[in-house]
> 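Once you've had a glance at the structure underneath, I'll fire off some questions.
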Amino acid sequence: MSNIIFLLIDFIQSYITDKTEVQKLWTNPLLYFRNDIIKCNNKTGEIYTKQTKEFEGITFRKEPHTPRSNNEGKERIVLRFKPHYWYNRNLHNANDFTVSNCIKTIKRFISVFDIRDFEKYPINNLEYGVNFILDCYGKELISYDSYHSRNPFLQDLNQRYSKKAIRYSPSTGQPDKYLIIKFYSKGFQFPQFCPNETLRFEVSTKKSKKVNSLGIYSIGDLINHKIYNNLKNDIKKIANNVLIIDLKPNLNLLSIREQNQLKKYSNNSFWYEVINQKRSHSFNEKKKLYFKYLDKTGHNLNSKFYQVISQKLNFLFIENGNYSPPLDRNENGNYSPLDKRELLTILTKKNQREYLTY
């Protein structure tokens, strides 16, 4: 079997500042006009315009820029590209998007726009994640109280059955854009393209420092298979720091004292007090004890959550690297030809791994 894993790159953003490249992109006949937005600089009072052109859902926004070198002009292009959506003709991103297909999609983009100098297309923002199914849990799992490290997952105002965990600066109170974790129901978002139980765990960053830490500097790095192992390991590391509070743990196998302790640990107000303690290590200490009690019950939701994500990333491959075509709705509007070949990892009640082919 090949080492092509199912991993989703949802979004990339690049600031193109090279004046030759800006001119080449902006005059490309493939682009069509989308809109003009007139803005006012709050500091100078200067009025300026942001213009946006588009090609098959890929946006190119031209805006003012302060040049830092001779090869830069007074305008830049903000490229916003969703490879997974583009692969599916901008219908959705609900299917598994293999590394092989992701690389082919990005190569197609590079070819269409005749990109030759990759360094002129730095990657500034990035979103990547994985779809999975956790047996006996669906969209309702999103409503469980949960945390990434000491940061609570909070309801996403733009989407139901969707939460985000963000670290806020203690000094300014502003969100830290270095790392944003999203956990949501993909089956609820796109029920016509994937099983209703499909969940998604996603990592997002708007900081070049985080993107660079993954070995990604330019669009050329995204056609390197080895880079995707960095993304895989990063998702696993972040998933391992997730805490989900089981609403109804099984207490039958515990002593009275252990039952009382687990009941206390299963209360969100307990964790609210923990994350607000000055000792930062207190959260991990309590989390370790909580998992110990859950393990004794025979059902640790957190272990299964991490295990199914890890399994999806480690063991879900495409045999011989076969190419999978983009998704289309079938006659019933439910599943596409690709879905019949897709593999979904399901953790069974016996804690065994099964691969189901649709």
> With no hydrogens and no angle check, is any side-chain donor or acceptor of Thr205 less than 3.5 Å from a backbone partner on Leu179?
no
> Charged N to carboxylate O under 4.0 angstrom, Lys24 versus Glu21?
yes
> Within the structure provided, determine whether Asn250 and His299 are in side-chain contact (heavy-atom separation under 4.5 Å).
no
> Is it true that Lys207 and Asp176 have a side-chain N and a carboxylate O under 4.0 angstrom from each other?
no
> Centre-to-centre under 6.0 Å for Phe60 and Phe113, is that the case here?
yes
> Using the rule side chain to side chain contact (heavy atoms under 4.5 Å, CB included), only one of Asn241, Asn268, Val242 pairs with Tyr147; which is it?
Asn268
> Ring centres under 6.0 Å, that's the criterion: do Phe81 and Tyr121 meet it?
no
> Of Lys186, Arg200, Glu127, which meets side chain to side chain donor-acceptor pair (under 3.5 Å) against Asn93?
Lys186
> Identify whether the distance between the nearest side-chain nitrogen and carboxylate oxygen of Glu140 and Lys248 falls below 4.0 Å.
no
> Just by modelled atom types, is the Lys163 backbone N or O under 3.5 Å from a matching donor or acceptor in the Gln159 side chain?
no
> Tell me if a side-chain donor or acceptor on Asn90 pairs with a main-chain N or O of Glu56 at a distance below 3.5 Å.
yes
> Is the Trp271 ring parallel, tilted or perpendicular to the Phe283 ring (thresholds 30°, 60°)?
perpendicular
> Could you tell me whether the side chain of Ser111 and the main chain of Arg108 form a donor-acceptor pair under 3.5 Å?
no
> Within 45° of the axis and under 6.0 Å from the centre of the six-membered ring of Phe188, does NZ or CZ of Lys139 qualify?
no
> In plain terms, say whether Lys182 and Asp10 are close enough for a salt bridge, that is, a side-chain N and a carboxylate O under 4.0 Å apart.
no
> Do Ser310 side-chain atoms and Tyr306 backbone N/O form a donor-acceptor pair below 3.5 Å?
no
> Does Phe305 have its ring centroid less than 6.0 Å away from the ring centroid of Tyr137?
no
> Within the structure provided, determine whether Leu91 and Tyr85 are in side-chain contact (heavy-atom separation under 4.5 Å).
no
